[in-house]
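Written below as structure tokens is the structure these notes are about.
For ligands, and for the atoms within them, numbers begin at 1 and follow the listed sequence.
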Amino acid sequence: MRIVVLGAGVIGVTTAHALAVRGHDVVVIEAESGPALGTSFANGAQISPSEAVPWASPAALRLAMGWMRSGNAPFRLNLRAEPHQWAWLTEFVRNCTDARWQRNAPAMVALATHSRHCLLELNDRYDIDYAREQCGILRIFQRMEQAHAEQAHIGGVMAAHDVPLEILDADACVALEPALADAVAAGRVGAGLLAPEDETGDAQAFSVGLAREAVAAGVTFRFGEQVRRINAFCDHVTGVVTDTREVRADRVVVALGTASVDLMRSIGVSLPIYPVKGYSATLPVRGSNSAPRVSITDQSGRFVVSRLGDRVRVAGKADIIGHGRDIDPARAANVLDNLFGLFPNVGNRHDATVWSGLRPMTPSGIPLIGESDMQGLYLNTGHGSLGWTMAAGSADLLADLISGTRPRIDPAPYAP
Ligand SMILES: Cc1cc2nc3c(=O)[nH]c(=O)nc-3n(C[C@H](O)[C@H](O)[C@H](O)COP(=O)(O)OP(=O)(O)OC[C@H]3O[C@@H](n4cnc5c(N)ncnc54)[C@H](O)[C@@H]3O)c2cc1C
């Protein structure tokens, strides 16, 4: 079958590879000059099934109200005269019930753990250098009761999917990650919740490496080509039109991240995806003990720190303010403040490269994977804050669906 995959972010690349190894003839069309130059470029680097739970929860609204009063808060909302934003927010609020959380969280964790399994398979098969660290992810809290509360909140769904979690006191946090010593001494960290099987790695480097393997498996990448339109005949997709040519296909996969919305809107389909902007800053590490090897999630500040070889990256912020990727200097500076607040000697602030990206978020947190209303037109998008975590598993699931093979996880929760 001739399949065109739209987008070469981490989702498009993993999808193209999964389809090629199943014997399909695959072409990837990407507007940028290489793989993973959009949201997959400089994300938080965490592969975190232990954090694959919905943002929409009963606590989310209360937290968001508090955050909206502070300029440096992890969350920012600018209401716009944009029906799509209002519809998305309304749906997000509808997902903030306990009943919805109990329904959404297992679907997300199931996909994330399946994805970890698929990523292990890819690592067994290929030797891709993406600064992988298998040291776990440690969520840090100021007080022990906060760690216990978090474990009570997510422990059930994690246990049901074999995601181990361990509570650590302050001393155990430092024993695990000596770079936390200053933060513990300053009273910033009093407890931790460790997910020992979670890992980290550079999503862009991985995408570049896997794209190379995909080419070896027969995939053609067309970079620098912008998809303009989907072609169809009698409700069946027949291909796409780009800025330079028409491409015929038996199947088309939309993996355009936040840009999926506009393309699908052009055929009358409204996707429940809104861009949630985040920031990251990446800098060279000063000395080997000043930066963590264990990835850190600061639960109250809502930021993450990951080691990428001789670099360290901090990522955070969730700004629902529209589609722009311009960098707000105050938001970027605050992300760096978060890093240096926790690891004062980590490196030189002036060496940091600051970046922003748009998370393709659905209100429920569950991505859209499967065939759309148009025959032959498939979606693999809407992975929000977990696209790196869920990429390999989402690709495996969609490739099985397209190939008519029985998927290894239940596809129903992700059906568009
Ligand atoms: C600050 C931040 C931190 C994050 N941290 C993590 C993390 O720690 N762990 C995790 O799992 N996830 C994380 N994420 C989320 C993750 O990065 C995303 O879910 C993931 O990158 C989405 O991948 P994608 O392939 O769907 O989108 P993208 O990477 O954006 O890929 C879409 C591609 O489509 C291309 N495109 C768009 N329009 C067109 C067109 N018309 N024609 C051709 N090509 C087009 C774009 O150029 C782009 O390359 C984070 C995100 C942010 C912003």
Side-chain angles (χ1 to χ4, degrees), residues 4-16 28-49 51-52 74 108 111-112 115-116 119 137 198-204 206-207 211 221-230 240-244 253-263 266 273 275-282 295 297 302-306 308 313-319 325 331-332 335 354-362 365 367-369 379-395:
V4 172
V5 176
L6 309 182
V10 69
I11 301 296
V13 169
T14 49
T15 303
V28 181
I29 299 174
E30 164 60 52
E32 295 282 355
S33 57
L37 296 173
T39 305
S40 307
F41 182 67
N43 65 22
Q46 291 187 331
I47 298 157
S48 50
E51 296 182 3
M108 294 174 69
L111 182 59
S115 201
R116 172 159 60 202
L119 187 61
I137 295 178
D198 285 3
E199 24 184 292
T200 49
D202 184 333
Q204 198 243 351
F206 178 82
S207 303
F221 282 86
R222 290 189 180 167
F223 293 115
E225 214 168 311
Q226 181 111 22
V227 181
R228 297 261 197 243
R229 218 175 58 227
I230 292 169
V240 297
V241 178
T242 74
D243 48 2
T244 56
V253 179
V254 178
L256 295 172
T258 53
S260 306
V261 176
D262 282 346
L263 189 71
S266 71
I273 293 173
V276 177
K277 183 174 177 178
Y279 289 85
S280 75
T282 309
S295 182
T297 297
R302 304 285 152 144
F303 64 90
V304 306
V305 179
S306 295
L308 296 167
R313 178 173 296 159
V314 57
K317 304 298 181 202
D319 296 354
R325 274 191 53 194
R331 300 293 274 167
V335 168
V354 174
W355 170 88
S356 79
L358 302 174
R359 302 175 185 90
M361 290 290 294
T362 63
L368 309 171
I369 306 167
L379 299 176
N380 193 2
T381 188
H383 294 78
S385 59
L386 291 157
W388 177 209
T389 301
M390 294 177 168
S394 302

Starting from [atom], locate the nearest protein heavy atom and write down its residue, its atom name and how far away it is, to 0.1 Å.
{"atom": "atom 41 (N) of ligand 1", "value": "V227 O, 3.1 Å"}
{"atom": "atom 27 (O) of ligand 1", "value": "G257 CA, 3.7 Å"}
{"atom": "atom 9 (N) of ligand 1", "value": "Q46 O, 2.7 Å"}
{"atom": "atom 21 (O) of ligand 1", "value": "S40 OG, 2.8 Å"}
{"atom": "atom 12 (N) of ligand 1", "value": "S385 O, 2.9 Å"}
{"atom": "atom 50 (C) of ligand 1", "value": "N43 CB, 3.4 Å"}
{"atom": "atom 31 (O) of ligand 1", "value": "G9 CA, 3.4 Å"}

Check: [X] side chain, [Y] main-chain N or O, donor-acceptor pair, under 3.5 Å:
{"X": "W388", "Y": "G201", "value": "yes"}
{"X": "R313", "Y": "N43", "value": "yes"}
{"X": "E30", "Y": "E32", "value": "yes"}
{"X": "S280", "Y": "A315", "value": "no"}

Geometric N/O contact [X] with ligand 1, under 3.5 angstrom:
{"X": "T39", "value": "yes"}
{"X": "A31", "value": "yes"}
{"X": "Y279", "value": "no"}
{"X": "R359", "value": "no"}
{"X": "A255", "value": "no"}
{"X": "G44", "value": "yes"}
{"X": "G12", "value": "no"}
{"X": "I11", "value": "yes"}
{"X": "G384", "value": "yes"}
{"X": "P360", "value": "no"}

Give a yes/no on ligand 1: does T381 have at least one heavy atom closer than 4.0 angstrom to it?
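No, that is not the case, since the closest heavy atom of the residue is not under 4.0 Å from the ligand.
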
Determine whether any heavy atom of E225 lies closer than 4.0 Å to an atom of ligand 1.
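A heavy atom of E225 does come that close to ligand 1.
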
Looking only at heavy atoms, what is the nearest atom pair of [X] and [Y], with distance?
{"X": "P49", "Y": "T389", "value": "N-CG2, 3.8 Å"}
{"X": "A52", "Y": "L386", "value": "CA-CD1, 3.7 Å"}
{"X": "I11", "Y": "A255", "value": "CG2-CB, 4.0 Å"}
{"X": "A8", "Y": "V28", "value": "CB-CG1, 3.9 Å"}
{"X": "S40", "Y": "A203", "value": "O-CB, 3.7 Å"}

Out of [options], whose heavy atom is nearest to [atom]?
{"atom": "atom 48 (C) of ligand 1", "options": "E30, R313, R325, E32", "value": "E30"}
{"atom": "atom 37 (C) of ligand 1", "options": "A259, S260, P49, G201", "value": "A259"}
{"atom": "atom 45 (C) of ligand 1", "options": "L256, D198, N380, I47", "value": "L256"}

Examine the proximity of ligand 1 to A45 and report which part, side chain or backbone, both or neither, has a heavy atom under 4.0 Å away.
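The backbone, only.
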
Between R228 and ligand 1, which residue portion shows a heavy-atom distance shorter than 4.0 Å: side chain, backbone, both, or neither?
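The answer is neither.
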
Look up atom [atom1] in [X] and atom [atom2] in [Y], then write down how far apart they are to the nearest 0.5 Å.
{"X": "I273", "Y": "H383", "atom1": "CD1", "atom2": "NE2", "value": "9.0 Å"}
{"X": "S385", "Y": "E51", "atom1": "OG", "atom2": "CD", "value": "9.0 Å"}
{"X": "L358", "Y": "D319", "atom1": "CG", "atom2": "CG", "value": "10.0 Å"}

Pull out every atom of ligand 1 sitting under 4.0 Å from any heavy atom of [X], numbered as shown with elements.
{"X": "G357", "value": "53 (C)"}
{"X": "V10", "value": "23 (O), 25 (O)"}
{"X": "T389", "value": "9 (N), 10 (C), 11 (O)"}
{"X": "G278", "value": "1 (C)"}

Side chain to side chain contact (heavy atoms under 4.5 Å, CB included) partner of L6, chosen from T15, V253, L263
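Of the listed residues T15, V253, L263, the side chain to side chain contact (heavy atoms under 4.5 Å, CB included) partner of L6 is L263.
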
Partners passing side chain to side chain donor-acceptor pair (under 3.5 Å) against Q46 (at least two apart in sequence or in another chain):
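Side chain to side chain donor-acceptor pair (under 3.5 Å) check on Q46 returns S295, T297.
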
Taking CZ in R325 as the centre, count heavy atoms belonging to other residues, nucleotides or ligands within less than 6.0 Å. Is the count above 12?
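Buried by this count: over 12 neighbours within 6.0 Å.
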
For S260 and T381, test the side chains for any donor-to-acceptor distance below 3.5 angstrom and give the result as yes or no.
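Side-chain D/A pair, S260 to T381: present.
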
